[in-house]
Q: 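Got a structure for you, questions after.
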There are 2 protein chains.
Amino acid sequence: MSVDSVATTENSIREAARKIFLEKGLAGSRMQDIADAAKINKAMLHYYFRSKEKLFHLIFENELNNLFCNLDEILDSPLPILDKIQLIIERDINTLMDCPQLPIFLLNEMSQCPENFLRCAHRIKAFQRYEKFRAQLEEESKQGRIRAVNPDQVFLNMIALTVYPFIAKPFLSSLFNLCERDYAQFMLERKKEVGRMVIESLRPETQTVMQ
Amino acid sequence: MSVDSVATTENSIREAARKIFLEKGLAGSRMQDIADAAKINKAMLHYYFRSKEKLFHLIFENELNNLFCNLDEILDSPLPILDKIQLIIERDINTLMDCPQLPIFLLNEMSQCPENFLRCAHRIKAFQRYEKFRAQLEEESKQGRIRAVNPDQVFLNMIALTVYPFIAKPFLSSLFNLCERDYAQFMLERKKEVGRMVIESLRPETQTVMQ
DNA sequence: GTCTATAATTTGATAGAC
DNA sequence: GTCTATCAAATTATAGAC
């Protein structure tokens, strides 16, 4: 248990707020529900965090940071690009299986209020580090070890294939007719599926035989 | 202009409600804002649609149907599977460039209230039609024209690569440092990028030379 | 059908005792 | 720091005149 997880009132409010906000979003959450979940009085929320918006932004920024410091470590490592890609995919799928509501929570609030996101985006290390990923892809491409690509398209492909199934779970589990257990298995299979797909898309064209 | 677009009060409310709900979601929308957008009185909303929830579900189900009747046509066509895939990608990107908020609106409300979605999912033709897509992929695979695949993974890959960039636009345009115009161009490039990627992932393994 | 006025309830926030 | 009580504003919904 980390230092900021000691059972203070402030921390129990944070935990409760995280739970409720992740579940219902900013507009859908009630201060009363957070107070109930934290088993304290509604007035305490304002004593510690002044307003609903302030409390929300604290949770939002914290979740954003957690997710991306995860990414930052890998981007900054000295690993070859293909290893990095496979590692990012596996780390992301693991993270999201623990907290499947995270992406839709973050993305919905980013859409709703891009300014709030942009205001704290520059503080996220992984955002600068992304340059390194770009440069590494371009270098590998110049050396002919991978095909000539737009690095942004590659990064997007990787994230899309990894994150989307968590966002669209109600839709996909209905379409594919998968129960909770089977959907989890399906997600585990994706570590290979996505890795294979992204890495394959980077293979130099001259080394493949088409049709 | 279609028959249900004649300028009645009811239709102007529908249009206004669509605009506001797509922008802010159910919890974030105010009946007053819808009334203002429709340039009528708040009381009229209840006269025509009884409650906010009823109005919302009408909009939600309508948008869901529109999106999927789009898909249904293609799935039901007699085209070869690779053509269908390319067509779905292009149609989806075109549709979403016209209405970029659509996926996050639908997916957010599906996550928030899966029951409301499941209740009307069985009425969507594309849902039954999906069996045809599955069968077609399996047949092609049996004939050796494409690699052995899990059809659900293939369908998911296609949708994820197409839809995700619209959901994550604020995040991605910041990370990639793209202005509005450049982001649109980036989306247009994806028609080829996604098509190439999905179709390549189906190429039989024996016909490729690795490393 | 359309409007004004208003009821009924919810909700974020504060005052003030302990 | 914590609680009870309460305010003020917002918000869905309805009543009733025209």
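In what follows, chains are A, B, ... by sequence order, proteins preceding strands, each numbered from 1.
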Q: Short of 4.0 Å, heavy atom to strand atom, which residues of residues 32-40 of chain A count as contacting DNA chain C?
A: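 Heavy-atom contacts with DNA chain C come from no residue of residues 32-40 of chain A; none.
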Q: Cut-off 3.5 Å, side chains only: do B:Q86 and B:K191 have a donor facing an acceptor?
A: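 No, because no side-chain N or O of B:Q86 sits under 3.5 Å from a partner of the opposite role on B:K191.
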Q: Mind checking if B:M44 touches a base, just sugar-phosphate, or nothing, with heavy atoms under 4.0 Å?
A: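 Result for B:M44 = base.
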Q: Under 4.0 Å between any heavy atoms, over every strand shown, what does A:T8 touch: base, sugar-phosphate, or nothing? Just pick one.
A: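 It contacts nothing in the nucleic acid.
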Q: Please give, in whole Å, the distance from D:dT11 P to B:L26 CG?
A: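 One finds 14 Å between P of D:dT11 and CG of B:L26, rounded.
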Q: Hey, which sits more toward the 5' end of DNA chain C by its nearest nucleotide, A:S51 or B:A43?
A: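 Nearest-nucleotide comparison on DNA chain C picks B:A43.
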Q: Can you check whether B:K125 reaches B:D72 side chain to side chain, under 4.5 Å on heavy atoms?
A: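 Yes, close enough: below the 4.5 Å cut-off.
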Q: Given B:R134 and B:E138, is the salt bridge (Lys or Arg N to Asp or Glu O under 4.0 Å) satisfied, shown in steps?
A: CA-CA 6 Å; B:R134 239 182 198 153; B:E138 272 159 4; 5.8 Å; no
Q: Please tell me if the side chains of A:E63 and A:L102 come closer than 4.5 Å, counting only heavy atoms from C-beta onward.
A: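 A:E63 reaches A:L102 side chain to side chain.
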Q: Do the non-hydrogen side-chain atoms of B:M97 and B:L188 ever get within less than 4.5 Å of each other?
A: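 Heavy-atom side-chain distance check passes, below 4.5 Å.
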Q: Among C:dT14, C:dT4, D:dA13, which nucleotide sits nearest the side chain of A:H46?
A: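 Of the candidates, C:dT14 comes closest.
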Q: Quick check on D:dT12: is either OP1 or OP2 less than 4.0 Å from any side-chain nitrogen or oxygen of B:R30?
A: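 Checking D:dT12 against B:R30, a side-chain N or O does come within under 4.0 Å of OP1 or OP2.
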Q: How many whole angstroms separate atom CG of B:L45 from atom P of D:dT14?
A: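 So the CG-P distance, B:L45 to D:dT14, works out to 12 Å.
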Q: Expressed as a whole number of angstroms, how long is the span from A:K42:NZ to C:dA15:P?
A: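 Computing the A:K42:NZ to C:dA15:P distance gives 15 Å.
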Q: Among D:dG1, D:dC3, C:dG12, find the nucleotide with the atom closest to the side chain of A:Y48.
A: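 That would be D:dG1.
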Q: Please tell me if B:Y47 has a side-chain N or O lying less than 4.0 Å from either OP1 or OP2 of D:dT14.
A: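 Result: no.
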Q: Figure out the NZ/P separation between B:K24 and D:dT11, and round it to whole Å.
A: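 Those two atoms, NZ and P, are 10 Å apart.
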Q: The side chain of A:N41 is closest to which nucleotide in this list: C:dG1, D:dT14, D:dC3?
A: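 Of all the options, the side chain of A:N41 is nearest to D:dC3.
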Q: Evaluate the side chain to side chain donor-acceptor pair (under 3.5 Å) criterion for residues B:Y47 and B:N41: first the C-alpha distance (whole Å), next the side-chain angles of each, then the deciding distance (0.1 Å), finally the verdict.
A: CA-CA 10 Å; B:Y47 175 77; B:N41 194 278; over 6 Å; no
Q: CD of A:E53 versus P of C:dT11: gap in Å, rounded?
A: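 Interatomic distance, CD of A:E53 to P of C:dT11: 15 Å.
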Q: Starting at NZ of B:K54 and ending at C1' of D:dA13, how long is that distance when rounded to a whole Å?
A: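 Value for this atom pair: 12 Å.
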Q: Please confirm whether the shortest side-chain N or O distance from B:T9 to OP1 or OP2 of C:dT2 is below 4.0 Å.
A: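 Checking B:T9 against C:dT2: at least one side-chain N or O falls below 4.0 Å of OP1 or OP2.
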Q: Nearest whole angstrom, please: distance from the P of C:dG1 to the CG of B:N11.
A: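 After rounding, the gap between these two atoms is 12 Å.
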Q: State which of D:dG1, D:dA13, C:dA13 makes the closest approach to the side chain of B:K52.
A: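 Nearest to the side-chain atoms of B:K52, counting from C-beta on, is D:dA13.
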Q: For residues 86-124 of chain A, which residue pairs qualify under ring-ring contact (aromatic ring centres under 6.0 Å, His included), counting only residues two or more places apart or in two chains?
A: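 Checked against ring-ring contact (aromatic ring centres under 6.0 Å, His included) - neighbours excluded - the pairs reaching residues 86-124 of chain A are A:F56-A:F105.
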Q: Separation of B:F49 atom CZ from D:dT14 atom P, in whole Å?
A: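 Going from CZ in B:F49 over to P in D:dT14 covers 15 Å.
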